[in-house]
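Below: the structure, in structure tokens.
These values consider heavy atoms only, across backbone and side chains, with no hydrogens, waters or symmetry-generated copies. For clarity, every value in this text was computed on a predicted model and none was experimentally measured.
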Amino acid sequence: MLERKISKYLDEWKVKKKKKALLVTGASQTGKTFSIRKFGKENYEVFIEINFAEDKAAADVFANVSVAYALIDNLTAYKETSLKPGKTLIFLDEIQACPKAREAVRLLVKDGRYDCIEAGFIEEVFDYEEKYSMRPLDLEEFMYANGIKSDAIEYVRDCYEQKWVVSGSAHEMLKRIFGYYVVVGGMPEAVQLFVDTHDMGKVTGVHKRILKQYRQDIEKAGNISNIDKTKMNKILDFVPVELNKTNKRFLLADIKKSARMERYESSLNKLEGLGMTLPCYYVSSPRSPLGDNEKRNLFKLYLADSGLLCAMSAENTQLGIMQGKLEPEMESIIQNAFAQTLTANGFVLRYINDKNKGEVDFLVQKDEDVIPIEIKAGDTYKSHAALDLIMEQKEPELKKGFIFCDRNVEKEGNIFYLPWYMIMFLQD
């Protein structure tokens with residue numbers, strides 16, 4: 001069984017004195033329902049689950065209720081179950097399909113006798129809700145799923161923090177598993193199948209089914225216009241195409257010559273809100289705070305999961321990456337794995353580009369510090385003109401830069417060369 005970080009979060013939420021309803025958002029197949037159901041059955045005497053996508057009649061429970069006792073009466077009658085104060089969890093899945101139920105959650109929170117968790121595709125958060133974004137397994141979770149022990153993880157974490165060289169055997173093992181992560185990604189079903197069988201053919205089949213589910217989720221979404229749905233599907237089609245370009249920037253004109261940001265911004269935001277894509281915006285300067293220098297009309301666009309990107313890319317891509325044969329068309333998939341890891345670790349994705357020196361793959365802000373990040377492979381890992389350019393600037397002065405590569409830990413001045421897998425320790 002896969003170990004997920006949401007389990008600890010749920011435990012901490014449960015013991016809060018005055019808790020809000022927990023709203024768990026995220027794309028399909030990231031493990032929302034499984035994790036909440038497991039938590040509810042193991043921690044409460046009474047667990048009530050309603051899935052509004054599967055049970056249309058359940059909407060009547062929440063219609064025309066204005067006080068908590070009326071809602072509770074409806075729930076107990078509909079589920080034929082008595083609720084126990086302080087020992088009951090009410091789980092409302094696919095909550096976006098029933099706006100009335102989401103409004104009625106306010107009554108349960110105000111009443112305070114019963115815990116409530118909502119799950120679904122929701123962007124706006126109400127004042128009576130606490131949000132948790134459920135994503136694919138992050139790199140650390142993937143390591144545990146593949147049998148890496150916590151002692152080994154903590155040893156490598158110490159090496160990252162102290163900038164020590166990792167022992168040869170540990171380095172090779174974690175580098176190999178990072179390669180697995182790039183091609184398998186973090187979708188729970190795909191990860192479990194890989195752990196059980198190591199059959200990438202079957203894993204790719206799971207990826208393609210999830211991609212099909214994404215399209216179906218877009219079509220079923222009730223709050224998205226048909227025009228936006230068409231644009232969203234087109235954008236998804238072009239993600240691997242745009243990432244395979246030299247500068248990897250997403251050009252709307254490649255979709256349609258007349259396409260402009262003001263016409264596509266809503267569709268792009270909805271894809272991000274559904275947890276399907278990860279935008280990375282251009283900044284004009286590495287000055288803190290980075291958000292002040294952001295240009296939202298210039299961006300790269302990653303998928304929320306590198307395994308899904310692999311499934312949309314050329315055949316045999318997975319084998320090449322797992323064998324360490326990193327061709328130019330594979331670089332985008334490795335960058336995608338970094339994008340999803342940085343996002344899972346709390347960072348906003350940004351990049352910077354100089355027309356003469358090239359691009360720095362990511363810029364992240366940790367407290368007041370801005371850290372430039374490049375991802376390299378092979379013998380050219382010490383060639384990084386774009387990063388050198390911004391590191392040499394006197395204003396703003398950056399304290400350090402990171403090159404993540406397939407080599408062990410090295411340091412040259414204020415540039416640190418770190419193995420790919422150490423990205424899991426860079427956290428906001």
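Note that Lys163 lies in the cation-pi zone of Phe416, set by a 6.0 Å cut-off to the ring centre and a 45° limit from the axis.
We find that Lys5 and Glu141 are not joined by a salt bridge, their nearest charged nitrogen and carboxylate oxygen being 4.0 Å or further apart. Under the 4.0 Å criterion applied to side-chain N and carboxylate O atoms, Lys41 and Glu49 are not assigned as salt-bridge partners. Using a cutoff of 4.0 Å between basic side-chain nitrogens and carboxylate oxygens, Lys376 and Asp406 are not scored as salt-bridged. In this structure, Arg209 pairs ionically with Glu189, as a charged nitrogen and a carboxylate oxygen lie closer than 4.0 Å. Look at Glu395 and Arg287 and you find a salt bridge, because one of the NZ, NE, NH1 or NH2 atoms lies within 4.0 Å of a carboxylate O, short of that distance. Between Lys149 and Asp151, none of the side-chain N atoms (NZ, or NE/NH1/NH2) sits under 4.0 Å from a carboxylate O, so this pair counts as no salt bridge. Taking the charged nitrogens against the carboxylate oxygens, Glu294 and Arg350 do have a contact shorter than 4.0 Å, which makes a salt bridge. With respect to Asp138 and Arg4, no salt bridge is recorded, no charged nitrogen being found less than 4.0 Å from a carboxylate O. Here Lys382 does not pair with Asp388 in a salt bridge; the nearest charged N to carboxylate O distance is not below 4.0 Å. Electrostatic pairing of Glu118 and Lys32 does not count as a salt bridge here, judged by no charged N lying under 4.0 Å from a carboxylate O.
Ring-plane geometry between Tyr160 and Phe425 is classed as tilted, the angle between the planes lying from 30 to 60 degrees on a 0 to 90 degree scale. Using the six-membered ring where Trp is involved, Phe402 and Phe404 have ring planes that are perpendicular, over 60° apart on the 30 and 60° scheme.
Counting heavy atoms from C-beta outward, Thr277 and Leu268 have side chains that stay 4.5 Å or more apart. Counting only heavy atoms from C-beta outward, the side chains of Ile6 and Val24 approach each other to under 4.5 Å. Residues Gln340 and Tyr181 have side chains in contact (heavy-atom distance under 4.5 Å, counting atoms from C-beta outward).
Tyr281 and Arg296 form a side-chain donor-acceptor contact under 3.5 Å, judged by distance and modelled atom types alone. Counting only N and O atoms by type, the side chains of Thr204 and Lys208 include no donor and acceptor under 3.5 Å apart. No hydrogens or angles considered: a donor-acceptor pair under 3.5 Å links the side chains of Tyr9 and Glu130. Between the side chains of Ser284 and Asn293, no donor-acceptor pair of N or O atoms lies under 3.5 Å. Residues Asn233 and Glu219 bring a donor and an acceptor atom of their side chains to less than 3.5 Å of each other. No hydrogens or angles considered: a donor-acceptor pair under 3.5 Å links the side chains of Gln335 and Tyr302. A donor-acceptor contact closer than 3.5 angstrom links the side chains of Tyr44 and Asp115. In summary, the side chains of Glu94 and Gln96 do present a donor paired with an acceptor at a separation below 3.5 Å, with no hydrogens or angles considered. A donor atom on one side chain and an acceptor atom on the other are not found under 3.5 Å apart for Asp369 and Gln365. Side-chain polar atoms of Glu359 and Tyr282 form no donor-acceptor pair below 3.5 angstrom. For the residue pair Tyr421/His171, the side-chain donor-acceptor check at 3.5 Å is satisfied.
Residue-environment remark: NZ (Lys256) stays at or below the threshold of 12 foreign heavy atoms within 6.0 Å. For CG of Asp292, the number of neighbouring non-hydrogen atoms (other residues, nucleotides, ligands) closer than 6.0 Å is greater than 12. The number of heavy-atom neighbours closer than 6.0 Å to NZ of Lys245, taken from other residues, nucleotides and ligands shown, is above 12. No more than 12 heavy atoms of other residues, nucleotides or ligands shown are found within 6.0 angstrom of CD on Glu397.
The heavy-atom pair separating Val109 from Lys19 by the smallest distance is CG1-O, 4.1 Å. In this structure, Ala145 and Leu2 approach most closely via the heavy-atom pair CB-CD2, 3.7 Å. The two residues Trp164 and Val409 have their closest heavy-atom pair at O-CG2, 3.3 Å. Across Ile373 and Val360, no two heavy atoms sit closer than the pair O-CG1, 3.5 Å.
Aromatic ring centroids of Phe62 and Phe52 lie under 6.0 Å apart. Checked against the 6.0 Å centroid criterion, the rings of Phe238 and Phe250 do not qualify as a close aromatic pair. Outside the 6.0 Å centre-distance limit, the rings of Tyr351 and Phe362 are not counted as a close aromatic pair.
Between the CD1 atom in Ile423 and the CG atom in Leu418 there is a gap of 8.5 Å [rounded to 0.5 Å].
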Worked verdict on Tyr417 versus Tyr381 for ring-ring contact (aromatic ring centres under 6.0 Å, His included): CA-CA 8 Å; Tyr417 300 91; Tyr381 71 104; 5.5 Å; yes
